[in-house]
Every structure is written in structure tokens, then in C-alpha cells.
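Step one of this worksheet: look at the structure below.
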There are 2 protein chains.
Amino acid sequence: MRELTRAEEEVMQILWKIKKGFVKEILERFDEPKPAYNTVSTIVRILQDKGFVTHKAYGRTHEYYPVVSKNDYSKSQLKTFVNDYFSNSFEKMVSFFAKEKSISVKEMEDIMKIMEDEVEKQKVKR
Amino acid sequence: MRELTRAEEEVMQILWKIKKGFVKEILERFDEPKPAYNTVSTIVRILQDKGFVTHKAYGRTHEYYPVVSKNDYSKSQLKTFVNDYFSNSFEKMVSFFAKEKSISVKEMEDIMKIMEDEVEKQKVKR
DNA sequence: GTTGCATAACTAATTTATTCGTTGTATATT
DNA sequence: AATATACAACGAATAAATTAGTTATGCAAC
């Protein structure tokens, strides 16, 4: 999956949030100082070329919406990250952050609960 | 912490791996097609300006080594990622990947073990 | 000392990304 | 129908990143 540049990612984050929108609506979601209308319009068209969004035309105006979901993109991004920084091991990554105390006890307990359920589910399947 | 560009990250990954090295040694680690010596030299000097590496001079030649550890950089990167894609919740991220089956049962079991230990450690401290 | 080689520093060239002005066209307004 | 408005498309201008040529300096070999 192609990478998003900074500017492109910012637009995607907005589109993921609002689900669909006209350039004008995307522009509104930008923090000050807002870019020019044309800047957003250009970025959106680049995103379309890259296959991240598509549009529905209402006469002359276009309503854009994501084709690549935030989940799919984040999956691909984290995969690259885990590969580059934790030799492709999720376990290494998670345990690193657990030991670094970047994950609170509460979070760890919640994660463990989810994992227990998942492990159970996988076992049942067999 | 500043971000690394693609080219910069590639050099850092090499430096993190070899611990320290002269430009020539860094160059050797590149896959074909290797960039020009000067390209690597420039990137390393940019990394120095950005504070990611420093050097020890042996006469006219410089031996470069990382100032920012791979751990520190990955921590900062993942923090940004979790913030942007999982509203700053580690738990959301990990459980998303657990449910996506990007984490194997074996990995989950190992992670749970580590978390149990960590939770225990945290509790003892109080 | 002179020549040749290795290297860092500097700088130019190229590529990629970002930003936005201009233009043309469709639609709405009068 | 004429004018105004809104928008997408285009493309120019700028900025940032990447790549590598050129230059200057130090050191080694002779």
C-alpha cells in the first residue's frame, strides 16, 4: 500500500472522521490557518489518483469519500513499523511498551481480557 | 522529537545495527544499487544537525554513532501513531490487532505472561 | 617537497511534495 | 439572455528532500 505524505494524511484523517465530504467541508475541518480551497482540492485529487478516495459527482460538484479504510491503512502502517523496529514481532513490540510503562496497569488488564477471549475463540474453532 | 525522512531513516537503521561506523562502512551496508559516497555523507551530516548522531574525529575521518537510540525513536513514533490512529489508546490498538488475528495465539500468550509479570511488579511497588 | 589518494565540506542539480493563482464551465440569479 | 457564483481542473511557483558532482585539505608514498 502506498504511503501518505503529511498533507495527504491530514486530509485522510478528516475524511475518515466525516465519512464523506465536499472540498468545502473538508476545508472547514482544518485548524487555523486553513489552507486555500485549491490546496485541499489538489490534495484530494492526488488521493484519488493514489486510490485512497473516490467521488460521486452531483452535477459539477464532487463528494469525496475514502476507499481505503483507516483500519486498513493503520494495519499496513503498523506492519511496516513492527517490521522495521521490532523485527516483525508483535510480541516484542507490545512487551517493550509494557516494560516501558507506556501501558497502564488498567490497559494491560483490559488487553489481557481481550486476548483471553481471542485465544479461547481460536481454540474453539479447532 | 523530529521525524526522520526515508533516506535518513535508512541510514539510522544501519547505524543502529552496526553501533558506529565511518561513512564507508555505512555505505557498504546499503543494498544495491548503493548510493554515492557523498550522498551518505550528506545524510549523515543532516542527521548530525538534527541531533540523531554525533561523531568522533580520527584526524580527518569521522566515526559516526547514534545519539538517539532505536528504542527512543520507536517509542516516539509509536506514540504518534497510536495518537493518530487509535485516539491515544494502546489498548484499542492492541485489541484491534488481536481481533484482526495479526497476533498469533502463541504471541498473545507470551504477551499475557509478560503483562501479568508487569502488573504484579507495579502492584508490589505500592 | 611533489604527487596521488581519501575524505569532509560545500554546492549544484534533480526530484518530490506543497501551495495556491488562474481559467473555464456549469449552474443559479436577475 | 446577461451576470454572478461556485467549483473542478490545470498548471505555475515555492519548498523540502534527495542525490551526487566539485573543491579543498590532510596524509601517505615516493
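In the text below, chain A, chain B and the rest are named by the order of the sequence lines, each starting its count at 1. All values reported here derive from a predicted model rather than from experimental measurement.
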If we count only N and O atoms by modelled type, under 3.5 Å, do the side chains of B:Gln48 and B:His55 hold a donor and an acceptor together? yes

Rounded to whole angstroms, how far apart are [atom1] on [X] and [atom2] on [N]?
X	N	atom1	atom2	value
A:Leu47	D:dA8	CG	P	14 Å
B:Ile43	C:dC10	CD1	P	17 Å
A:Asn38	C:dT23	CG	P	13 Å
B:Met12	D:dA17	CE	P	17 Å
A:Phe30	C:dT18	CZ	C1'	11 Å
A:Glu25	D:dA8	CD	P	11 Å
B:Glu8	D:dT18	CD	C1'	10 Å
A:Tyr37	D:dA8	OH	C1'	7 Å

What residues 55-68 of chain A contributes to the DNA chain D interface at heavy-atom separation below 4.0 Å is A:Arg60, A:Thr61, A:His62

Between B:Lys34 and B:Glu10 (salt bridge meaning N to carboxylate O under 4.0 Å), is one present in this structure? no

Does a side-chain N-to-carboxylate-O contact under 4.0 Å join A:Glu25 and A:Lys20? no

With nearest nucleotides of DNA chain D determined for B:Lys50 and B:Val40 from heavy-atom distances, which residue corresponds to the more 5′ nucleotide? B:Lys50

Step by step, work out the side-chain hydrogen bond (donor to acceptor under 3.5 Å, both in side chains) result for A:Ser102 and B:Lys75. CA-CA 9 Å; A:Ser102 305; B:Lys75 213 189 298 179; 5.9 Å; no

Could you check whether A:Tyr64 and A:Phe22 have their ring centres less than 6.0 Å apart? no

For atom NZ of B:Lys101, decide whether the heavy atoms of other residues, nucleotides or ligands shown that lie under 6.0 angstrom number more than 12. yes

Touch check for A:Arg45, heavy atoms < 4.0 angstrom, all strands: base, sugar-phosphate only, or nothing? base

If you look at every strand shown and take non-hydrogen atoms under 4.0 Å, does A:Thr39 touch a base, only sugar-phosphate, or nothing? base

Look at the side chain of A:Ser41 against the base of D:dC7 and say whether a donor-acceptor pair falls under 3.5 Å; ignore hydrogens and angles. no

Could you check A:Thr42 against B:Gln48 and say which one's nearest nucleotide on DNA chain C is further toward the 5' end? B:Gln48

Counting only N and O atoms by type, is there a donor-acceptor contact under 3.5 Å from the side chain of A:Trp16 to the main-chain atoms of A:Asn71? no

